[in-house]
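Predicted model only: the values in this text are computed from it and were never measured. Keep in mind that the numbers below use all heavy atoms, side chains included, and drop hydrogens, waters and symmetry copies.
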Amino acid sequence: MNLFLLAKIVHISSAIFFIGGVYFRTLIVPRIARVLGKERFEETEMALAKPSRAFGRVNNAVLLVSGAYLFYSYFDAHNTFLHVKATLGFAVIVLFYSAPYFVPKLAQRIKGFKRYFHHILLLLMLFIVLFSQMMFFQG
């Protein structure tokens with residue numbers, strides 16, 4: 001197996017983990033609040049936060065490195081979708097790593113901010129997946 005194929009497998013796998021994690025935290029976890037009640041839900045959410053962010057830090061570093069290698073491998077100055085995908089991907093990674101510094105503060109000021117933030121992150125990720133496929137068909 002060559003380095004390019006390994007980078008693609010690693011990149012796709014780490015993207016699946018990242019998207020899956022955000023999907024779970026955005027669309028599944030909030031639904032258990034009704035069952036657990038507010039206090040138990042907040043405890044559960046806090047218990048999930050630390051290990052998921054720890055895994056995410058490592059996973060997203062791998063995602064960033066493999067993505068940079070693939071960007072270099074696929075580089076074409078005229079492929080708009082590649083550049084949009086890479087820009088959105090980098091923005092999502094920056095948002096992930098910077099979230100602990102601004103999300104809690106904004107969540108205190110803006111009701112529902114944390115939920116909106118996760119929805120926006122998930123939407124950006126779906127666009128990245130779409131652009132990742134469209135970049136191969138740009139003429």
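The shortest side-chain heavy-atom distance between Glu45 and Arg25 falls under the 4.5 Å cut-off. For the pair Lys85 and Tyr74, the minimum side-chain heavy-atom distance is 4.5 Å or more.
Through direct or indirect side-chain contacts shorter than 4.5 Å among Ile, Leu, Val, Met, Phe, Trp and Tyr, Ile16 is connected to Ile12.
Contacts of Ser66 classified as side-chain hydrogen bond (donor to acceptor under 3.5 Å, both in side chains), with partners at least two apart in sequence or in another chain: His11. Scanning for side-chain contact (heavy atoms from CB on, under 4.5 Å) contacts around Ala86 gives Phe71, with sequence neighbours left out. With sequence neighbours excluded, the residues that form a side-chain contact (heavy atoms from CB on, under 4.5 Å) with Ser13 are Ile9. Residues meeting the ring-ring contact (aromatic ring centres under 6.0 Å, His included) test with Phe17, sequence neighbours left out: Phe55. In terms of the side-chain contact (heavy atoms from CB on, under 4.5 Å) criterion, residue partners of Ser73 (sequence neighbours excluded) are, by chain and number, Phe4, Tyr69. For Arg57, the side-chain contact (heavy atoms from CB on, under 4.5 Å) criterion is met by Arg53, Ala54, Phe96, Tyr97, not counting sequence neighbours.
Closest heavy-atom contact between Asp76 and Leu82: N-CD2, 3.9 Å. Taking each heavy atom of Ala15 and Leu63 in turn, the nearest pair found is N-CD1, 3.6 Å.
Looking only at distances, no side-chain donor or acceptor of Thr26 sits under 3.5 Å from a matching main-chain atom of Tyr23. Of the possible polar contacts, one joining the Asn79 side chain to the Met135 backbone as a donor-acceptor pair under 3.5 Å is found.
For residues 33-42, no pair satisfies side chain to side chain donor-acceptor pair (under 3.5 Å), with sequence neighbours left out.
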Extract all donor-acceptor atom pairs below 3.5 Å that involve side chains of residues 108-133 and protein atoms in other chains or at least two apart in sequence.
| from | atom 1 | to | atom 2 | distance (Å) |
| --- | --- | --- | --- | --- |
| His118 | ND1 | Lys114 | O | 3.0 |
| His119 | ND1 | Arg115 | O | 2.8 |
| Ser132 | OG | Val129 | O | 2.6 |

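Both Leu36 and Ile28 belong to a single network of hydrophobic side chains, linked directly or stepwise wherever heavy atoms of I, L, V, M, F, W or Y lie under 4.5 Å apart. Follow the hydrophobic side-chain contacts under 4.5 Å out from Tyr72 and you never reach Leu6; the two are in separate clusters. Grouping the Ile, Leu, Val, Met, Phe, Trp and Tyr side chains by contacts below 4.5 angstrom, directly or via other members, places Leu88 with Phe137. In terms of hydrophobic clustering, with Ile, Leu, Val, Met, Phe, Trp and Tyr side chains grouped at heavy-atom distances under 4.5 Å, Val94 and Val58 are assigned to different clusters. Hydrophobic cluster membership is shared by Leu27 and Phe18, with clusters built from Ile, Leu, Val, Met, Phe, Trp and Tyr side chains linked at under 4.5 angstrom.
Around CZ of Phe102, the count of heavy atoms belonging to other residues, nucleotides or ligands within 6.0 Å exceeds 12. Heavy-atom contacts from other residues, nucleotides or ligands closer than 6.0 Å to CZ of Phe41 number more than 12.
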